[in-house]
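Down below is the structure, laid out as structure tokens.
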Amino acid sequence: MGELLSDRLKSLLAAAAEEARKSGDLSYSAVPSVRIERPSNRSHGDFSTNFAFVIAKEAKLPPARIAEALVRRLAGRGGEVYDRVEVAGPGFVNFFISPSALYRGLSTILEQGEEYARFKVGEGKTVQVEFVSANPTGPLTVGHGRQAAIGDTIANLLERVGYAVTREYYYNDAGNQMKVLAVSVKKRYLQLLGEEIDFGEDLYQGEYIVDIAGALRERCGDSLRAEKDLKRFQEIAEESIFSGIKKTLASMGIRFDVYYNENSLFESGKVARVVDLLRKAGCVYERDGAVWFQATRFGRSKDRVIIKKTGEATYRLPDIAYHRDKLDRGFDIVIDVFGADHHGTFPDVLAGVEALGCDKSKIVVLIHQFVTLVRDGRQVKMSTRKAQFVTLEELLGEVGRDVARYFFLMRKMGSHLDFDLGVARKQSLDNPVYYLQYAHARICSIQKKYGERYGLLDRGRLLEVDLRRLTKEEELEIIKDLMRFEETVKSAAALFEPHRLCVYLEELAAGFHSYYNKHRVMIEDKGLREARLAMARAVQIVLKIGLGLLGVSVPESM
RNA sequence: GCGCCCAUAGCUCAACGGAUAGAGCACCGGAUUUCUAAUCCGGUGGUUGCAGGUUCGAGUCCUGCUGGGCGCGCCA
């Protein structure tokens, strides 16, 4: 079980084509990649294929003729899937799914419940998804929020289709930025103790530094006034900031399996090993006292310094070592989720990985564009340097986890995201999150009332319901929408595009809301009543799975 | 100057290279003695930024332009 209708059609089509070839009606050598698609126009059926166009040239026949030959052979043998197949337009073959196939599909949802739309296409292959990876120098920003939602949801989707997923956070708590952090905290601390201290512009300006300094004074009084060792300040700041970051992530419902410290790459000798290997490969040279990596040999426009003349590594070197390590750990797929500001740097890292002879094709880099917060039609300015940025924590406090996650996910990541705080705060149809949750809550309400009035139908009883009573156009449309869920999950996972799920769920919910306003579940006719309850139950299941994948809660009442 | 991303209805956005480009918002007009009106129904709204090209077929692919975002450190 679990075969998608489109897959079933594909094999039926392939068989028909093969038969046509054997009988001499068609001639082609290799079966091209056969595609079964969803026509946008309802009158074009539930599925269609462009097969005829694809082989028209080689077969030396007009597409319409090929389509006819196929339809002749498809006509009699799709009884369990479609009840009509026809040639349309210049050579499309359109399939019309039969009600019995729809009832079977609906029944599958009821049978499998929340295990529906779980696949094994990943075959247990391992995937690592790295995201957020913000260094502990300040609170997470709204931009990190988008990345967090995207990374976590992609991980959810991949798990759903059968991959073993590791969520990983990579961070660097060493180096110059941490020194700047320590100095920033120290100076704020001394200021709080009443000292006249010049706070330079190159230091971290955020209010959170003052907060950390305040907590420090609270705890240690003025005992650190003469503390020379910046380490103390750094440790305290890092601890405070990192626990804040983790708290923010937790309130978004995100847990990482691994926090990977960049420093460990130096300590374990993995960085040194990479330098060795690059040297042996003849991909590095020295100039001006620094060590350069010949990125230009791998299609990059510039060579890059990997070891400064001070002897310190630039960030690229541990990044290369880190990616090599990911591959060494045996992941079949390594996914990096980055913000648009990183688009210029990862190709250097990939070039480095390639220079090491690793298979960089296993690495998938997903770049998401920036988030703009909009309030009252105006852009809310953000800046990590200045004190006025809106943190992810603040945003979550304002709109809540469900809305935040959904808004971050509802647009494809290549687009800039306008996060409209006005809409996000609304609890009405303007807000898609409430729209979806409301559909779920409504069904829960129906079930409750149903139970009170007629007695509950448990799962076993629900499976015995005669679904053939669902004959209304709107009912068949809802079932067809339900049938699209599995392929939506599959494609959202395969393409790493969570927004497809959002688009789908809104369509499903719209169909249900519309149905709800037109037809009633609780009616005299017992058979029809039960069938409608079963259908509502299926919608509820799919909404719950779908929203669950997005990390959005499904309230039973609102 | 070079590189990456983006441009679709007044606004925010959808649309595996497929057929007549779809939603929501906004605007106009309607629906509830009924399982949740946080809902629904109808209407208005388009030369898919511009110019070429590839293709049986282009919003989608290629080239050039225009406009916007982001990068181009021995910062991360």
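What's counted below: heavy atoms across the whole structure, side chains too, no hydrogens, waters or symmetry copies. Here is the naming used below: chain letters follow the sequence lines, and residue numbers restart at 1 for every chain.
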Which nucleotide in [options] has an atom nearest any side-chain atom of [X]:
{"X": "His343(A)", "options": "C74(B), C70(B), C35(B)", "answer": "C70(B)"}
{"X": "Thr314(A)", "options": "A76(B), A14(B), U36(B)", "answer": "A76(B)"}
{"X": "Gln369(A)", "options": "G69(B), A19(B), U39(B)", "answer": "G69(B)"}
{"X": "Asp430(A)", "options": "G73(B), A19(B), A26(B)", "answer": "A26(B)"}

[X] side chain near [N] phosphate (N/O to OP1/OP2, under 4.0 Å):
{"X": "Tyr435(A)", "N": "A37(B)", "answer": "no"}
{"X": "Lys57(A)", "N": "C56(B)", "answer": "yes"}
{"X": "His499(A)", "N": "A15(B)", "answer": "yes"}
{"X": "Ser514(A)", "N": "C41(B)", "answer": "yes"}
{"X": "Lys448(A)", "N": "U36(B)", "answer": "no"}
{"X": "Arg442(A)", "N": "A37(B)", "answer": "yes"}

Using a heavy-atom cut-off of 4.0 Å across all strands, would you classify [X] as base, sugar-phosphate, or nothing?
{"X": "Lys309(A)", "answer": "base"}
{"X": "Lys412(A)", "answer": "sugar-phosphate"}
{"X": "Ser48(A)", "answer": "base"}
{"X": "Ala56(A)", "answer": "nothing"}
{"X": "Ala441(A)", "answer": "base"}
{"X": "Arg500(A)", "answer": "sugar-phosphate"}
{"X": "Thr345(A)", "answer": "base"}
{"X": "Asn431(A)", "answer": "nothing"}
{"X": "Asp173(A)", "answer": "nothing"}
{"X": "Arg316(A)", "answer": "nothing"}
{"X": "Ser40(A)", "answer": "sugar-phosphate"}
{"X": "His513(A)", "answer": "sugar-phosphate"}

Length of the line joining [X]:[atom1] and [N]:[atom2], which is rounded to integer Å:
{"X": "His342(A)", "N": "G3(B)", "atom1": "NE2", "atom2": "P", "value": "22 Å"}
{"X": "Leu456(A)", "N": "C35(B)", "atom1": "CG", "atom2": "C1'", "value": "14 Å"}
{"X": "His368(A)", "N": "C70(B)", "atom1": "NE2", "atom2": "P", "value": "14 Å"}
{"X": "Met558(A)", "N": "A37(B)", "atom1": "CE", "atom2": "P", "value": "13 Å"}
{"X": "Tyr204(A)", "N": "C75(B)", "atom1": "OH", "atom2": "P", "value": "14 Å"}
{"X": "Phe51(A)", "N": "A19(B)", "atom1": "CZ", "atom2": "C1'", "value": "19 Å"}
{"X": "His416(A)", "N": "G71(B)", "atom1": "NE2", "atom2": "P", "value": "11 Å"}
{"X": "Asp418(A)", "N": "G24(B)", "atom1": "CG", "atom2": "C1'", "value": "15 Å"}

Sole residue of Glu473(A), Glu474(A), Glu477(A) in salt bridge (Lys or Arg N to Asp or Glu O under 4.0 Å) with Lys518(A):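 Of Glu473(A), Glu474(A), Glu477(A), salt bridge (Lys or Arg N to Asp or Glu O under 4.0 Å) with Lys518(A) is met by Glu474(A) alone.
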I'd like the [atom1] distance from [M] over to [N], given in whole Å.
{"N": "U32(B)", "M": "G46(B)", "atom1": "C1'", "value": "36 Å"}
{"N": "C41(B)", "M": "G24(B)", "atom1": "C1'", "value": "16 Å"}
{"N": "G45(B)", "M": "C28(B)", "atom1": "C1'", "value": "12 Å"}
{"N": "C5(B)", "M": "G10(B)", "atom1": "P", "value": "28 Å"}
{"N": "G17(B)", "M": "G43(B)", "atom1": "C1'", "value": "34 Å"}
{"N": "C65(B)", "M": "C4(B)", "atom1": "P", "value": "13 Å"}
{"N": "C50(B)", "M": "A7(B)", "atom1": "P", "value": "13 Å"}
{"N": "G57(B)", "M": "G71(B)", "atom1": "C1'", "value": "37 Å"}

Atom pair CD1/CD of Ile363(A) and Glu354(A) - distance to nearest 0.5 Å: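 One finds 10.5 Å between CD1 of Ile363(A) and CD of Glu354(A).
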Taking the six-membered ring for Trp, are the ring centroids of [X] and [Y] within less than 6.0 Å of each other?
{"X": "Phe242(A)", "Y": "Tyr169(A)", "result": "yes"}
{"X": "Phe96(A)", "Y": "Phe47(A)", "result": "no"}
{"X": "Tyr515(A)", "Y": "His519(A)", "result": "yes"}
{"X": "His368(A)", "Y": "Phe408(A)", "result": "no"}
{"X": "Phe131(A)", "Y": "Phe256(A)", "result": "yes"}
{"X": "Tyr260(A)", "Y": "Tyr171(A)", "result": "no"}

Base-paired stems in RNA chain B, each at least three Watson-Crick or G-U pairs under 3.5 Å: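 Stems (3+ consecutive pairs) listed as B:1-7 with B:66-72, B:10-13 with B:22-25, B:27-31 with B:39-43, B:49-53 with B:61-65.
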Leu395(A): which of Thr141(A), Leu421(A), Leu140(A), Val403(A) passes side chain to side chain contact (heavy atoms under 4.5 Å, CB included):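 Option passing the side chain to side chain contact (heavy atoms under 4.5 Å, CB included) with Leu395(A): Leu421(A).
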Pairs under 3.5 angstrom only: tabulate donor-acceptor contacts from the side chains of residues 444-454 of chain A to other protein residues two or more places apart or in another chain.
| from | atom 1 | to | atom 2 | distance (Å) |
| --- | --- | --- | --- | --- |
| Gln447(A) | OE1 | Gln540(A) | NE2 | 3.0 |
| Gln447(A) | NE2 | Gln540(A) | OE1 | 2.8 |
| Tyr450(A) | OH | Arg529(A) | NE | 3.4 |

Side chains of His513(A) and Arg442(A), donor plus acceptor under 3.5 Å: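 There is such a pair between these side chains.
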Scan side-chain atoms only and decide if Glu312(A) and Thr310(A) contain a donor-acceptor pair under the 3.5 Å cut-off.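 Yes.
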Is_stacked (Phe92(A), A19(B)) at 5.5 Å, 30 deg: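 Answer is yes, a stack.
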Does anything in residues 516-527 of chain A come within less than 4.0 Å of RNA chain B? Heavy atoms only, and list the residues if so.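 Residues of residues 516-527 of chain A that come under 4.0 Å of RNA chain B are, in numerical order, Tyr516(A), Asn517(A), His519(A), Arg520(A), Val521(A), Met522(A).
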Tell me whether the count of non-hydrogen atoms from other residues, nucleotides or ligands lying under 6.0 Å of CG in Asp376(A) goes above 12.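 Check fails, neighbour count at 12 or below.
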On RNA chain B, does the nearest nucleotide to Lys302(A) precede the nearest nucleotide to Tyr315(A) from the 5' side, or the other way round? Give the residue.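 Closest to the 5' end, via its nearest nucleotide, is Lys302(A).
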Using the closest heavy atom to pick a nucleotide of RNA chain B for each, name whichever of Ser415(A) or Asn41(A) lands nearer the 5' end.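 Taking each residue's closest nucleotide, the earlier one in sequence belongs to Ser415(A).
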Is a donor-acceptor contact shorter than 3.5 angstrom present between the side chain of Asp341(A) and the base of A76(B)?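 Flag unset: no donor-acceptor pair detected.
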